[in-house]
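Any value given below was found using the heavy atoms of this structure, including those in side chains, with hydrogens, waters and symmetry copies removed. Remember, it's 1-based here, ligands and their atoms both numbered in the order they're listed.
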Amino acid sequence: MRSPTRGPGAESAKFLGSLRRVLPVEARPLPSVDTRSVRRYADESTKDGERPVSTQPFEIVDDAPVEVLAAGSGRPLGPTGRPMPLFPDPAPLDSHGPARIVAMCNQKGGVGKTTTTINLGASLAELGRKVLLVDLDPQGSLTVGLGVNPHEVDKSVYNLLMERSCAVDDVVVKSNVPGMHLLPSNIDLSAAEVQLVTEVAREQVLARALDAAVPDYDFIIIDCQPSLGLLTVNALTAAHGVIVPMECEFFALRGVAMLVETIQKVQDRLNPVLAIDGLLATMFDPRTVHCREVLARLVEAFDDKVFHTAISRTVRFPETNVAGEPITTFASTSGGAYSYRQLAKEVLARCAAR
Ligand code: ADP
Ligand code: MG
């Protein structure tokens, strides 16, 4: 006979118990998720038949402003279990800048920081925003992900940080996406982490270096490395806001608590304007109870800091790494491209609401 302490129900109850210990939140029933939106989010690899999913589109029919929709009833529930607002197309810009500097930060690796930097940047550029992406990871994944060979770049972020005579213009390269530029990096940057330690005002070096670019761009997005070291502190000191991409899994919640502590320290000591722009659920699989539970607990703990948009897990993203381009151009009509375009509109709506 099967033991009642085993099986998926017992497993998720165990996870839930653990989550409650980690996050001091009141237990509430798991919000139900509108299956139409779930299908839309899961609607990925229909071509290669990876998933048996519906092709029924996720329809949003009315045009009311975000806040009215969010507060109103009758909206389909999004992946976070809250009513899914309709994010309006932003008005076109006739001039650019000053830039909002955003640090894409999570000390855990492989959570979608680089993927989000590339695809949020490309989606903002599609909406007519001028975007500068900064590769602040010595692994150079952002650089490679945009099809640039990190070993062939003339000057990199390392030179920008370490040489007073080096300016953004000396380092910047164009990407294949119109309106989106890149400050590339390679393994040289790992030396900067050590060399910066002896610099005067070592936490502000990146902020000073990026100053000159602020008037020319609407968004500067810094792709951080997976650590809370000096380079990441430089990113948090230079930034106006932080976006935290995180996988929908139990350990991710613990990591976020640690990151929030670091953000608070930077706010107190170095950068009082730093805000958490949002937590972004990545690699979301709406079919697993665990994913939905983690997302629900995240919303309980961080409330509207959690983006309404969540990015589904799909093999299309690793494929874009090989192609060296954003999903918005590689698979323009895919669910992944749809989600990042929606995220871009959500980010712009949040900025406008400030
Ligand atoms: P990080 O920068 O946080 O280390 P990456 O963006 O490099 O994370 O992502 C790690 C790996 O996961 C990459 O191979 C990437 O293609 C893949 N990946 C990112 N987002 C998704 C997703 N939504 N679904 C599936 N794979 C993803
Ligand atoms: Mg990365």
Side-chain angles (χ1 to χ4, degrees), residues 38 40-46 48 50-51 53 79-80 102-123 133-148 150 156-157 182-187 189-190 193 221-229 231-232 235 242-249 251-252 255-256 258-259 278-288 291-292 294-295 307 309-331 334-344:
V38 166
R40 183 64 190 82
Y41 275 85
D43 185 12
E44 292 290 343
S45 317
T46 42
D48 48 34
E50 190 200 36
R51 285 179 178 167
V53 292
T80 64
V102 178
M104 198 63 68
C105 196
N106 189 334
Q107 76 277 18
K108 199 165 180 291
V111 297
K113 292 183 288 296
T114 303
T115 304
T116 303
T117 305
I118 293 174
N119 294 300
L120 173 61
S123 303
L133 304 184
V134 184
D135 192 348
L136 204 64
D137 184 348
Q139 290 183 62
S141 308
L142 175 64
T143 305
V144 175
L146 285 172
V148 176
S156 69
V157 172
L182 166 72
L183 296 178
S185 276
N186 53 35
I187 195 70
L189 189 60
S190 55
E193 184 108 48
I221 309 179
I222 308 168
D223 184 27
C224 295
Q225 63 175 347
S227 94
L228 294 177
L231 284 174
T232 302
V242 195
I243 292 180
V244 183
M246 51 182 294
E247 258 184 287
C248 291
E249 56 162 46
F251 282 148
V256 165
M258 208 188 295
L259 176 58
L279 289 92
L280 174 70
T282 61
M283 314 204 193
F284 179 64
D285 188 342
R287 297 164 307 172
T288 71
C291 257
R292 290 175 48 203
V294 170
L295 195 42
F307 284 112
T309 308
I311 312 296
S312 291
R313 183 182 288 277
T314 163
V315 73
R316 300 317 301 266
F317 287 108
E319 286 172 4
T320 64
N321 301 151
V322 182
E325 58 177 302
I327 199 162
T328 45
T329 56
F330 176 76
S334 66
Y338 171 91
S339 299
Y340 274 111
R341 288 191 184 110
Q342 176 165 274
L343 178 68

Visitor: With the side chain counted from C-beta on, respond yes when Asp137 and Leu142 share a heavy-atom pair under 4.5 Å apart, and no when they do not.
Guide: no

Visitor: In terms of residue, atom name and distance, what is the protein heavy atom nearest to atom 12 (O) of ligand 1?
Guide: Met283 CE, 3.6 Å

Visitor: Identify the closest protein heavy atom to atom 22 (C) of ligand 1: which residue and atom is it, and at what distance?
Guide: Phe317 CD1, 3.4 Å

Visitor: Within a strict 4.5 Å, meaning less than it, do heavy atoms of the Ile118 and Tyr340 side chains meet?
Guide: no

Visitor: I want to check something: taking the side chain as every heavy atom from C-beta on, are Pro226 and Lys113 in contact at a cut-off of under 4.5 Å?
Guide: yes

Visitor: For Val111 and ligand 1, does the shortest N/O to N/O distance drop below 3.5 Å?
Guide: yes

Visitor: Is there a heavy atom of Ile311 sitting under 4.0 angstrom from any atom of ligand 1?
Guide: yes

Visitor: Of the listed options (Asn119, Thr114, Thr314), which comes nearest to atom 25 (C) of ligand 1 when hydrogens are ignored and any heavy atom counts?
Guide: Thr314

Visitor: Can you check whether Thr232 reaches Cys105 side chain to side chain, under 4.5 Å on heavy atoms?
Guide: yes

Visitor: Taking N, O or S atoms only and a limit of 2.8 Å, check whether Ser141 reaches the Mg ion (ligand 2).
Guide: no

Visitor: So, taking the atom named CG in Leu136 and the one named CD in Glu193, what distance separates them when rounded to the nearest 0.5 Å?
Guide: 8.5 Å

Visitor: Do Ile327 and Ser334 touch side chain to side chain, with heavy atoms closer than 4.5 Å?
Guide: yes

Visitor: Hey, does Asp223 have a side-chain heavy atom less than 4.5 Å from the side chain of Leu133?
Guide: no

Visitor: Checking a contact table here: which protein heavy atom is nearest atom 9 (O) of ligand 1, and how many Å away?
Guide: Thr115 OG1, 3.7 Å

Visitor: What's the shortest heavy-atom distance between Ala331 and Ala337, and which atoms?
Guide: O-CB, 3.5 Å

Visitor: Would you mind telling me if ligand 1 is within reach of the side chain of Ser312, the backbone, both or neither, using heavy atoms under 4.0 Å?
Guide: backbone

Visitor: Of the protein's non-hydrogen atoms, which lies at the shortest distance from atom 8 (O) of ligand 1, and what is that distance?
Guide: Gly112 N, 3.0 Å

Visitor: How far is atom 15 (C) of ligand 1 from the closest protein heavy atom, and which atom is that?
Guide: Asn321 OD1, 3.5 Å

Visitor: Which protein heavy atom lies closest to atom 10 (C) of ligand 1, and at what distance to 0.1 Å?
Guide: Gly110 CA, 3.7 Å

Visitor: Does Thr282 reach the side chain of Thr115, with side-chain heavy atoms less than 4.5 Å apart?
Guide: no

Visitor: Could an N or O of ligand 1 be found under 3.5 Å from any N or O of Gly109, whether backbone or side chain?
Guide: no

Visitor: With only distance considered, is Lys113 within less than 3.5 Å of ligand 1 through an N or O on each side?
Guide: yes

